[in-house]
Number of protein chains: 2
Amino acid sequence: MSNGKITVRRVAELAGVSPATVSRVSRGSTHVDPVLRERVLRVIEEHGYKPSHFGRALAERRHGALGLVFPGLSGPYFAELIQGFEVQALETGDSVLVLASHSRDDTDATVIDLAGRVDGMAIHGGTVSDAALEKLCGMVRVVVMAGDTGPAHASVRVDNSSMRGLTRHLLVDHGYRRLAFVGNPDGSTDVTVRWEAFLAAHKTARRKPPKEPVRVGLQQSDGVIAAKQLLDGDEPPEAVVCANDETALGVMIGAMGRGLKVPDDIAITGFDDMPMASLVNPDLTTVRQPVRELATTTARLLADRSPDPAGAVLLPTEIVLRGSCGCRDGGGG
Amino acid sequence: MSNGKITVRRVAELAGVSPATVSRVSRGSTHVDPVLRERVLRVIEEHGYKPSHFGRALAERRHGALGLVFPGLSGPYFAELIQGFEVQALETGDSVLVLASHSRDDTDATVIDLAGRVDGMAIHGGTVSDAALEKLCGMVRVVVMAGDTGPAHASVRVDNSSMRGLTRHLLVDHGYRRLAFVGNPDGSTDVTVRWEAFLAAHKTARRKPPKEPVRVGLQQSDGVIAAKQLLDGDEPPEAVVCANDETALGVMIGAMGRGLKVPDDIAITGFDDMPMASLVNPDLTTVRQPVRELATTTARLLADRSPDPAGAVLLPTEIVLRGSCGCRDGGGG
DNA sequence: TACGTTCTAGAAACCGGTTTCCGGACCATA
DNA sequence: TATGGTCCGGAAACCGGTTTCTAGAACGTA
């Protein structure tokens, strides 16, 4: 009925009490005479009074909202991330403001603006410039996820070093010679670290350094593009190490489309262990990372109003050996 | 420096003017003496004054934010949707609050709460109950996207009836007998309409009604699950019509994993025309729908402060015939 | 009966901008 | 010089809750 336009003072008037009492009742806090409380509650019920977020936010000096900044979302990874973050935020009664716009240059200004309407911000690695990040830390509580750790902000990330063990597995256990890396190390912190771990594994195994990575995005379609580049050229690799499962699936689709057999003709690995990984044939060797936990931990850190400013959480990952690398040949079919 | 804690009155004090003048300068609106303006601007610059969204929202009686309610996001469709929506919202200076939580029962309450902090809400079809929707319409401007059209709210949707032409193509042009439908008609309005178009095409072609749909979700992994169900049973279909590209890809992966050839052994079609559709081998016959336009149109309708309350926008779609249905046999490789 | 304690409820200030209203200054014209 | 119009800037009210402060009532105790 009444367009949500009813205010404390109006309710107070209707119930014959003061605004203060209405506020007390609506917050359910301090002791109020049962008779008055009842009267106020009836008016609230009758007129559908909802306290305005404006006024409340202004008075409480808190927005009741968290910001979430992405590099442009796509794929199951970000879906899981946003969903986990949101569920956790709802838990504490916070709303979620997302910023997934892509253009890097105006993003800084947009991000700063966003900081003005939230109590805390979760920022995905590689999304904002260092200058902007520093400014943000001065404005609101900031948690960087899947990015660099720093002194001014807290961070939550996963242990990407499992990529080292996975690479070692391909080099040593399977004895593959030529490995290719698919993913852009300059694109995100995660990929940077995975690429470095890939390099390190080569060094440890005393192999000559691999070729330059195939610098593509993280979507399935990027995997198909990478496959074209890798498989149609001279000297295709024996194994393709992908920055995530999405691109690995894309590479696999590209390989199969060319009549190649996985893993006999070419081995492929991913990173994430998303649902599809265990459903393809052969099923995908990958690294399991706790994406949802990454999101919920971040949200929890932001909602937590404790004084400590920073801290670095590192979530464990686990290598999952399946058919696509050559283990259990023949796959799951 | 100053934790964003600086207020109009403080700036006014420092610049030796009244808060009113500061407000005027910061909004850049009415005529102010250049000398005073300059003085105020310098103080603003020096102390990094940013007007609080609280106060502004309260005074202007507008949040400067739009809500976006999803059934739980995943896949390129929702990624595109949220991104398009956000870009358009930023255009008008609005922030975006997303609600992607899945549990239907508490969602109603959450959605109502969300309505209290935004100026308008975009609601994806099949996300909230009719009762909640009605209540929302009384609170804020509402646009339903990809859902039912109604008298109280505006709506933007795509022309799903192309599914009818696509089905006809399979039945008549290719002469396939047994068609299977993958997707849950009770899951979303889009799928409902596509399923009905699928049925209608059978009736028009005077074929006997198809079997019950394979009721799975809209993700790639759901397609793999559907493939298992369809292909491992007796009497597999000659063609599989999927509710979207994601599941179609999943079915295709499942089919290939079983050694089947597409389209010779089994034809497959999708809906969306996402990037992957043209990259697989054979490339995917599908229906192109303008997802980004769906999002931007919705956001534009919400930002538009014109008085007309409702309206129904129907965006055109286009059948895209490629290799996976049997046209251009041999595919793109 | 008088005094002190406790508890409740209303008045008023406050959160931080915006905007209306009004007085004063400046300029032009009679 | 007097008067009318225009423009500018400050005081104050307002947006809608919350919270502190205080007055008064009720109750218990000396």
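Hydrogens, waters and symmetry mates are skipped; everything else that's a heavy atom, side chains included, is used. Letters A, B, ... mirror the listed sequences (proteins, then strands); counts begin at 1.
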**Message:** Using only modelled atom types and a 3.5 angstrom limit, is any donor from either the side chain of A:R24 or the base of C:dG10 paired with an acceptor on the other?
**Reply:**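 Under the 3.5 Å cut-off, the side chain and the base do form a donor-acceptor pair.
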
Which nucleotide sits closest to the side chain of [X]: [options]?
| X | options | result |
| --- | --- | --- |
| B:A20 | D:dG10, C:dC15, D:dT19 | D:dG10 |
| B:S18 | C:dA9, D:dG10, C:dT18 | D:dG10 |
| B:A59 | C:dT20, D:dC15, D:dT18 | D:dC15 |
| A:D33 | C:dA9, D:dT18, D:dC8 | C:dA9 |
| B:L58 | D:dG16, C:dC15, D:dG17 | D:dG16 |

**Asked** Side chains of B:R117 and B:H63: donor-acceptor distance under 3.5 Å anywhere?
**Response** no

**Prompt:** Do B:S188 and B:D190 get their side chains close enough for a donor-acceptor pair, meaning under 3.5 Å?
**Reply:**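 There is no such pair (donor and acceptor under 3.5 Å, judged by atom type) between the side chains of B:S188 and B:D190.
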
For [X], which contact category applies under a 4.0 Å heavy-atom criterion: base, sugar-phosphate, or nothing?
| X | result |
| --- | --- |
| A:S52 | sugar-phosphate |
| A:R9 | base |
| A:V17 | sugar-phosphate |

**Request:** Compare all side-chain heavy atoms of B:V32 with those of B:T21 and state whether any distance is below 4.5 angstrom.
**Result:** yes

**Separation of atom CD in B:E13 from atom P in C:dG16, rounded to whole Å** = 14 Å

Looking only at side-chain N and O atoms, does [X] come under 4.0 Å of OP1 or OP2 in [N]?
| X | N | answer |
| --- | --- | --- |
| B:R27 | C:dG17 | no |
| B:T7 | C:dG16 | no |
| B:Y49 | C:dG17 | yes |

**Whichever of B:G55 and B:T21 has its nearest DNA chain C nucleotide further upstream toward 5'** = B:G55

**Item:** NZ/NE/NH1/NH2 to OD/OE distance under 4.0 Å, B:R61 and B:D119
**Value:**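 No, this pair does not count.
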
